[in-house]
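I have placed the structure first, in the form of structure tokens, so that the comments after it can refer back to it.
We count ligands from 1, going down the list as the structure has it; atoms in each ligand are counted the same way.
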Amino acid sequence: MARIAFIGLGNMGGGMAANLANAGHDVRAFDLVEEALERAEARGCKRAASAAEAVADAEAVVTMLPAGKHVRDVYESAVIGTAPASAILIDCSTIDVATAREEIEKARAAGYAMVDAPVSGGIAAAEGGTLTFMVGGTDEAFARAEPFLTAMGKAVIHAGAAGAGQAAKICNNMLLGASMIATCETFVMAGKLGLDLQTFFDISSKASGQCWSMTSYCPVPGVGPETPADRDYEGGFAAALMLKDLRLAMEAAQSVDAYTPMGDHAETLYTRFSDLGGGGKDFSAIIKMIDDSWQRPAGAGAPPLPPGVQLD
Ligand code: NAD
């Protein structure tokens with residue numbers, strides 16, 4: 001069993017670190033937040049006083065941080081040059097492709113193997129050890145990271161070279177954001193044309209319009225399988241996180257001069273929904289903005305965004 005440094009014990013990292021400890025690893029955990037450290041300790045991890053202390057004699061370093069700037073700060077101040085050069089470095093955060101590539105290159109130049117390994121699946125999957133990891137890096141780095149990722153997930157896929165994990169993640173989520181909006185507007189129009197929505201679901205889910213946003217995650221309450229729509233759009237994947245990923249996707253599209261009109265429009269619509277206070281709801285709740293039934297939450301401004309999510 002390995003000595004693992006785990007940095008970033010928030011909504012996702014807390015469960016992931018606990019799963020590594022449950023698998024028998026010696027997990028040295030660090031977060032800036034005291035309660036996160038206490039929770040990790042209660043779940044079998046050892047508390048470290050700093051990121052540098054956590055990585056000091058680590059065989060693997062896993063990070064699960066909010067955004068690119070946090071990843072850059074942690075790797076450049078406390079991991080690269082501090083962890084043993086034999087440690088495999090694994091960043092599971094969702095960040096921009098450019099920063100992922102830069103940090104992997106800096107790590108490589110300092111003698112480390114590193115992968116970007118963002119996840120698909122939310123807090124429940126992090127707790128249950130059923131995440132899907134999309135991994136970017138060399139074959140050798142992937143092979144070294146894989147056993148640790150397997151302890152936290154149900155699928156670990158080598159997406160390609162450094163940054164390919166982040167690229168796969170934002171391409172997938174750009175498609176998801178656009179297809180969710182298309183599904184929402186289609187159901188709203190079907191209703192206005194007098195179609196029974198369950199009947200329309202039965203038809204379209206077996207016809208050429210079917211897609212995951214309809215068949216597995218239908219935004220209409222009471223139609224299709226049980227989804228966040230049946231729980232007033234609570235739980236699931238927050239609209240604010242979808243917006244974060246769409247912004248990363250648009251940044252990446254610009255950097256390679258890719259024409260992404262649907263992704264661009266999805267970003268505009270999720271920005272509007274977030275401005276209307278919808279960021280804390282599941283991303284399928286955008287149907288309520290489309291059918292004009294959304295009511296801005298009472299009180300001063302929008303509900304708090306999920307921790308770690310900053311929209312600017
Ligand atoms: P979170 O804000 O709950 O957790 C991030 C943690 O990092 C916090 O506890 C914070 O204190 C800690 N942190 C920040 N800077 C630090 C530093 N310098 N040193 C140590 N700790 C530091 O966020 P989360 O929901 O766990 O998400 C983490 C990442 O996973 C994000 O990139 C997010 O986009 C991605 N993600 C989240 C979900 C989800 O459903 N929450 C799903 C898929 C991917």
Requested in this report: Answer yes or no: does an N/O atom from Ser93 fall short of 3.5 Å to an N/O atom of ligand 1?
Outcome: no
Query raised in the report: Who's closest to atom 29 (C) of ligand 1 heavy-atom-wise, of Thr132, Leu65, Asn173?
Result: Leu65
Report summary line: Note: Val74, heavy atoms under 4.0 Å from ligand 1, region reported as side chain
Query raised in the report: Is the backbone N or O of Val223 less than 3.5 Å from a side-chain atom of Gln198, with the two atoms forming a donor-acceptor pair by type?
Result: no
**Report entry** Residue portion contacting ligand 1 (non-hydrogen atoms closer than 4.0 Å) for Ile7
**Finding:** side chain
Query - Contact check, Gly14 vs ligand 1, heavy-atom distance below 4.0 Å - result: no
Query raised in the report: Would you say Pro66 touches ligand 1, if touching means a heavy atom closer than 4.0 Å?
Result: yes
Query raised in the report: Side chain of Asp232, backbone of Glu234: donor and acceptor closer than 3.5 Å?
Result: no
Query - Test applied, salt bridge (charged side-chain N to carboxylate O under 4.0 Å, His left out); reference residue, Arg47; option that passes from Glu35, Glu34, Glu53 - result: Glu34
Query raised in the report: Is there any N or O on Asn11 that sits under 3.5 Å from an N or O of ligand 1?
Result: yes
Report task. May I ask you to decide if Phe200's main-chain N or O and Ser204's side chain share a donor-acceptor pair within less than 3.5 Å? Result -> no
Report summary line: Note: Asp73, heavy atoms under 4.0 Å from ligand 1, region reported as neither
Requested in this report: Determine, considering heavy atoms only, which of Gly122, Ala51, Gly68 sits nearest to atom 40 (O) of ligand 1.
Outcome: Gly122
Query raised in the report: So which bit of Lys169 gets within less than 4.0 Å of ligand 1, heavy atoms only: side chain, backbone, both or neither?
Result: side chain
Query raised in the report: Are the side chain of Gln166 and the backbone N or O of Ser93 linked by a donor-acceptor pair below 3.5 Å?
Result: yes
Query - Pairing residues for Glu76 by the salt bridge (Lys or Arg N to Asp or Glu O under 4.0 Å) criterion, not counting sequence neighbours - result: Lys106
Requested in this report: Go through the steps for Phe283 and Tyr217 under the test ring-ring contact (aromatic ring centres under 6.0 Å, His included), then give the verdict.
Outcome: CA-CA 10 Å; Phe283 79 114; Tyr217 215 89; 5.4 Å; yes
Query raised in the report: Between the candidates Met64, Met16, Lys244, Met12, which shows the shortest non-hydrogen contact distance to atom 33 (C) of ligand 1?
Result: Lys244
Report summary line: Numbered in order shown, the ligand 1 atoms found under 4.0 Å of a heavy atom of Gly8 are 7 (O)
Requested in this report: For atom CE of Met289, decide whether the heavy atoms of other residues, nucleotides or ligands shown that lie under 6.0 angstrom number more than 12.
Outcome: yes
Requested in this report: Output the list of atoms in ligand 1 that are nearer than 4.0 Å to some heavy atom of Val33, sorted by atom number.
Outcome: 11 (O)
Query raised in the report: Quick one: does Gly121 get an N or O within less than 3.5 Å of an N or O on ligand 1?
Result: no
Report summary line: For Phe30, the ligand 1 atoms with a heavy-atom partner under 4.0 Å come out as 19 (N), 20 (C)
Requested in this report: Taking only Lys NZ, Arg NE, NH1 and NH2, and the carboxylate oxygens of Asp or Glu, determine whether Glu251 and Arg247 approach each other closer than 4.0 Å.
Outcome: no
Requested in this report: Out of Asp31, Leu241, Leu9, indicate the one that has the non-hydrogen atom closest to atom 9 (O) of ligand 1.
Outcome: Asp31
Query - Atoms in ligand 1 flagged as close to Val119, the criterion being non-hydrogen separation under 4.0 Å - result: 43 (C), 44 (C)
**Report entry** Side-chain (Asp282) to main-chain (Phe237) donor-acceptor, under 3.5 angstrom
**Finding:** yes
Query raised in the report: Could Arg28 and Asp57 be called an ion pair, given the rule that one side-chain N must be under 4.0 Å from one carboxylate O?
Result: yes
